[in-house]
Amino acid sequence: MGDLTLKNRVIMAPMTRNRADNKENAPTNIHITYYEQRRSAGLIITEGSQVSERAVGYINTPGIYSEAQVEGWRKVTEAVHEQDGKIFIQLWHCGSISHPKFHNGEKPLAPSAVNPNIKIFTPEGEEDTLEPMSMSIPEIKETVQEFKKAAKNAKDAGFDGIELHSSNGYLFHQFFNSNSNTRTDEYGGSIPNRARFLFEVIEAVGEIWPENRIGVRLNPSLNEAFGIIANPETIPTFDYIIEKLNGYDLAYLHLSEPFTDVSKIDYLEPNIAKHYRPIYQGTLMINNGFDQEKGNKVIEEGTADLVSFAKLFISNPDLPERFRAHAPLAEWDSDTFYTSGEKGYTDYPSMEKKIENQ
Ligand SMILES: Cc1cc2nc3c(=O)[nH]c(=O)nc-3n(C[C@H](O)[C@H](O)[C@H](O)COP(=O)(O)O)c2cc1C
């Protein structure tokens, strides 16, 4: 992958776990343990990490904009590297999937004042999203610079690279989609205009990192989830973006198969890897619902180069080793995905530990 040699094709997908429950929203000792336990992944992609205070949309998610956060992440990368692991950080801006309670009463920033109409968790519990504030051009430029600063911080923290979270209905995706982006300036309207913000960010972070240490995540057929309603312009928009990404020597393009059933929607693509493999010339990572068998199949068919696993990595910290040994897989407990502390986070045993304890 780029200039990095990965020890296997089993990638740990980014997962928000809400354990940065301290004033600084900095990674802590349990983050070190959690990521270090998962070091046998070919590559770890961290949870989404906000690039600024304005980027926040969830409680207790870590950031990568303050000194304390960089310090916290440095300890994580050191621990992973000591064990010969590789780790990218996912850079995140939630855009409209946020709440004024995270921003001292100010509305969240988004391409347009379009409420995503979903439920989110604020410090006071579950609430409805509200209408966000349409970003001015200076605010868009400032946000590009926030990504650049975060990319620099990621380098200082010792990461091997960065992944842009341009997926799953967050800020970049809000720019791509013509329902959430109703702008009439150079960031809205035409497909190139709706894609512009992503390419400006790629150019900006490309001044900090070589292109082959930058990954981009996209979820082209996302529909009726995370505030995104797809429409007939959706797939042509992603076709344009992915075609244009060929002009960059990226570490990888990280795609998701649809999160919901889109087989009956004629303008959406039900087979993302199959559709985009012939279009994208670089390293293609695929995600969503894979197990060992399906992962091997997609690699053997040549439809993807890497497969990322999310939930399986929560409950099986040594997932590649289990795949190798054809060992039983542990079930994940979704009740502890987004809670605090070690429970459901660092207490899933590795195979060796399980045998020792038997
Ligand atoms: C607890 C949890 C948190 C997640 N957080 C993120 C995130 O921060 N960034 C992201 O791009 N995707 C996130 N996702 C989506 C996963 O990366 C992945 O796309 C999804 O779980 C499907 O993969 P799987 O079938 O292997 O679990 C999250 C998923 C879960 C279960």
Side-chain angles (χ1 to χ4, degrees), residues 9-20 25 27 31 34-35 38 41-51 55-64 73 87-95 97-98 120-121 150 162-174 198 215-223 225-228 252-261 272-273 285-296 298 304 306-317 319-320 322-323 329-340 343-346 348:
R9 295 171 192 265
V10 181
I11 311 301
M12 178 175 167
M15 275 177 291
T16 292
R17 305 301 312 275
N18 308 75
R19 261 63 177 189
N25 292 137
H31 291 81
Y34 172 72
Y35 284 111
R38 287 155 182 79
L43 174 71
I44 294 171
I45 307 165
T46 72
E47 60 212 273
S49 304
Q50 55 264 9
V51 296
V56 177
Y58 290 80
I59 50 169
N60 303 332
T61 54
I64 179 74
W73 280 122
I87 181 164
F88 275 34
I89 184 169
Q90 193 186 48
L91 301 185
W92 195 20
H93 195 305
C94 295
I97 302 189
S98 186
I120 52 159
F121 271 96
I162 57 171
E163 176 178 289
L164 297 180
H165 193 356
S166 34
S167 188
N168 299 358
Y170 297 108
L171 185 64
F172 290 96
H173 209 145
Q174 293 157 23
L198 171 66
V216 170
R217 186 166 212 204
L218 298 171
N219 192 340
S221 283
L222 185 73
N223 184 41
F226 296 97
I228 292 290
Y252 60 82
L253 169 64
H254 188 180
L255 294 177
S256 295
E257 294 294 346
F259 278 8
T260 54
D261 180 9
I272 291 298
M285 185 188 300
I286 192 68
N287 168 258
N288 192 24
F290 283 86
D291 55 17
Q292 183 173 13
E293 200 188 326
K294 284 194 208 160
N296 281 339
V298 80
L306 303 166
V307 181
S308 77
F309 300 84
K311 295 184 286 296
L312 278 175
F313 256 114
I314 290 183
S315 48
N316 299 278
L319 188 64
R322 290 195 198 211
F323 281 170
L329 299 178
E331 295 275 315
W332 59 81
D333 173 11
S334 49
D335 288 348
T336 50
F337 278 179
Y338 307 111
T339 46
S340 63
K343 192 168 181 317
Y345 191 55
T346 52
Y348 289 104

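Note that ligands are numbered from 1 as they come in the structure, with each ligand's atoms numbered from 1 the same way.
For F259, the closest heavy-atom approach to ligand 1 falls below 4.0 Å. The closest approach between any non-hydrogen atom of Y338 and ligand 1 is below 4.0 Å. Close to ligand 1: N288, with a non-hydrogen atom less than 4.0 angstrom away. Using a 4.0 angstrom heavy-atom cutoff, S167 does not count as in contact with ligand 1.
Between the side chain of Q174 and the backbone N or O of C94 there is at least one donor-acceptor pair closer than 3.5 Å. Side-chain N or O atoms of S98 include none that pairs as donor or acceptor with a backbone N or O of G95 at under 3.5 Å. Looking at W73, its side chain does come within 3.5 Å of a backbone N or O of G63 through a donor-acceptor pair. Panel note: side chain N18, backbone I59; a donor-acceptor pair is recorded below 3.5 Å.
The nearest non-hydrogen atom to atom 14 (N) of ligand 1, considering only P14, A13, A310, comes from P14. Looking at E257, M15, M12 and measuring to atom 29 (C) of ligand 1, the nearest heavy atom belongs to M15.
For atom 9 (N) of ligand 1, the closest heavy atom belonging to the protein is Q90 OE1, 2.8 Å. Scanning the protein for heavy atoms near atom 31 (C) of ligand 1, the closest one is K311 CG, 3.6 Å. When only non-hydrogen protein atoms are considered, atom 10 (C) of ligand 1 lies nearest to R217 NH1, 3.2 Å. Closest to atom 23 (O) of ligand 1 among all protein heavy atoms lies N287 ND2, 3.2 Å. Here the protein heavy atom with the shortest distance to atom 25 (O) of ligand 1 is G289 N, 2.7 Å.
Proximity to F309 (heavy-atom distance under 4.0 Å) selects the following atoms of ligand 1: 26 (O). The ligand atoms of ligand 1 that sit less than 4.0 angstrom from a heavy atom of T16 are 1 (C), 3 (C), 4 (C), 5 (N), 6 (C), 7 (C), 8 (O). Near G48, the atoms of ligand 1 lying under 4.0 angstrom from a non-hydrogen atom of the residue are 8 (O). Interface of N168 with ligand 1, defined as ligand atoms under 4.0 Å from a residue heavy atom, comprises 10 (C), 11 (O), 12 (N). Those atoms of ligand 1 that come under 4.0 Å of a heavy atom in F337, given as number and element, are 1 (C), 31 (C).
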Can F323 and F309 be said to form a ring pair (Phe, Tyr, Trp, His ring centres under 6.0 Å), step by step? CA-CA 12 Å; F323 281 170; F309 300 84; 5.3 Å; yes
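For the residue pair R17 / N60, no side-chain donor-acceptor distance below 3.5 Å is found, with atom types taken as modelled. In the model, H254 has a side-chain atom that pairs as donor or acceptor with a side-chain atom of S308 under 3.5 Å. Side chain to side chain, Q50 and Y58 fail the donor-acceptor criterion of an N or O pair below 3.5 Å.
Of the N or O atoms in S256, none lie within a sub-3.5 Å distance of an N or O in ligand 1.
Contacts with ligand 1 closer than 4.0 Å are made by no heavy atom of L312, backbone or side chain.
Distance CZ/F313 to CG/L319: 4.5 Å, rounded to 0.5 Å. Taking OG from S221 and CG from N288, the interatomic distance works out to 11.0 Å, rounded to the nearest 0.5 Å.
Using bins of under 30°, 30° to 60° and over 60° for the plane-to-plane angle, the ring pair Y35/H31 lands in the parallel bin.
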